[in-house]
*Asks:* 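The structure that follows is given in the form of structure tokens.
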Amino acid sequence: MMKGVSFLVTVAILALASSIASAYDPSPLQDFCVAINDIKSGEFVNGKFCKDHAMVSANDFFFFGINITRSIGNKVGSNVTLVNVDKLAGLNTLGISLARLDFAPYGLNPPHTHPRGTELLVVIEGETAALAFTGLSSQNPGVITIANAVFGSVPPINPNVLIKAFQLDNNVVEYLQRAFTPN
Ligand SMILES: *[C@@H]1O[C@H](CO)[C@@H](O)[C@H](O)[C@H]1NC(C)=O
Ligand SMILES: *[C@@H]1O[C@H](CO)[C@@H](O)[C@H](O)[C@H]1NC(C)=O
């Protein structure tokens, strides 16, 4: 009998000591929160400040020019038009952004990661020049382009570290650091 009671007490204490944990983004508290930079005329929820909801218009949810072909005459042969919260204020707190990618023949989008987003990519056209659209699971997914981050960081990573880490010749590291360091 005592054993049964102490078992029940133990279960009760464990139940009280545990709590519910969730591992996904909390839902926004509002339908929309158009981002503004001027905090004087805004309402603050989280992330960016919200425009006064009485002043919100359809234009806050409109991005002009996603249908316009971008120039692709650069070294990598691609041009990314990212539409994140900085370009389309209505995306604030909605957890989504998108991008248009124009590719030259044999062009590429260099290896990169998005620290705050998962990405889905759809290729619309192919063969000679290609067009793709992506959707990202963040209003501001961020981007780290590997080659630029490694060889073009400012201040630079010590060449001796790069020589050993990438098993490269000193001359190659110097060449790559020159190629990727922003002017
Ligand atoms: C892009 O769409 C706009 C309408 O939003 C239209 O006026 C324009 O002609 C289109 N441009 C191209 C290149 O299709
Ligand atoms: C992308 O295209 C736009 C418009 O055509 C151009 O102004 C911009 O310089 C291009 N960016 C790159 C990286 O080529």
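Atoms within each ligand, like the ligands themselves, are counted from 1 in listed order. Residue numbers start at 1 and run along the sequence shown.
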*Asks:* Got a donor-acceptor contact below 3.5 angstrom from the Asn74 side chain to the Gly77 backbone?
*Replies:*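 Here the side-chain-to-backbone pair exists.
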*Asks:* Kindly write out the residues that satisfy side-chain hydrogen bond (donor to acceptor under 3.5 Å, both in side chains) with Glu119, not counting sequence neighbours, or none if the list is empty.
*Replies:* His114, Thr134
*Asks:* Ignoring hydrogens and angles, tell me if any N or O in the side chain of Asn79 forms a donor-acceptor pair with the backbone of Ser71 under 3.5 Å.
*Replies:* yes
*Asks:* With sequence neighbours left out, what residues match Arg116 under side-chain hydrogen bond (donor to acceptor under 3.5 Å, both in side chains)?
*Replies:*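 Arg116 satisfies side-chain hydrogen bond (donor to acceptor under 3.5 Å, both in side chains) with no other residue.
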*Asks:* Of all the atoms in ligand 1, which lie at a distance below 4.0 Å from a heavy atom belonging to Asn67?
*Replies:* 1 (C), 2 (O), 3 (C), 8 (C), 10 (C), 11 (N), 12 (C), 14 (O)
*Asks:* At a 4.0 angstrom heavy-atom cut-off, what protein residues surround ligand 2?
*Replies:* Arg70, Ser71, Asn74, Asn79
*Asks:* Treat each ILVMFWY residue as a node, draw an edge where side-chain heavy atoms are under 4.5 Å apart, and state whether Leu168 and Ile146 are in one component.
*Replies:*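 Looking at the clustering, Ile146 is in the same group as Leu168.
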*Asks:* For residues 145-179, which residue pairs qualify under ring-ring contact (aromatic ring centres under 6.0 Å, His included), counting only residues two or more places apart or in two chains?
*Replies:*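 As it turns out, the ring-ring contact (aromatic ring centres under 6.0 Å, His included) pairs with a partner in residues 145-179, which skip direct neighbours, are Phe151-Phe166.
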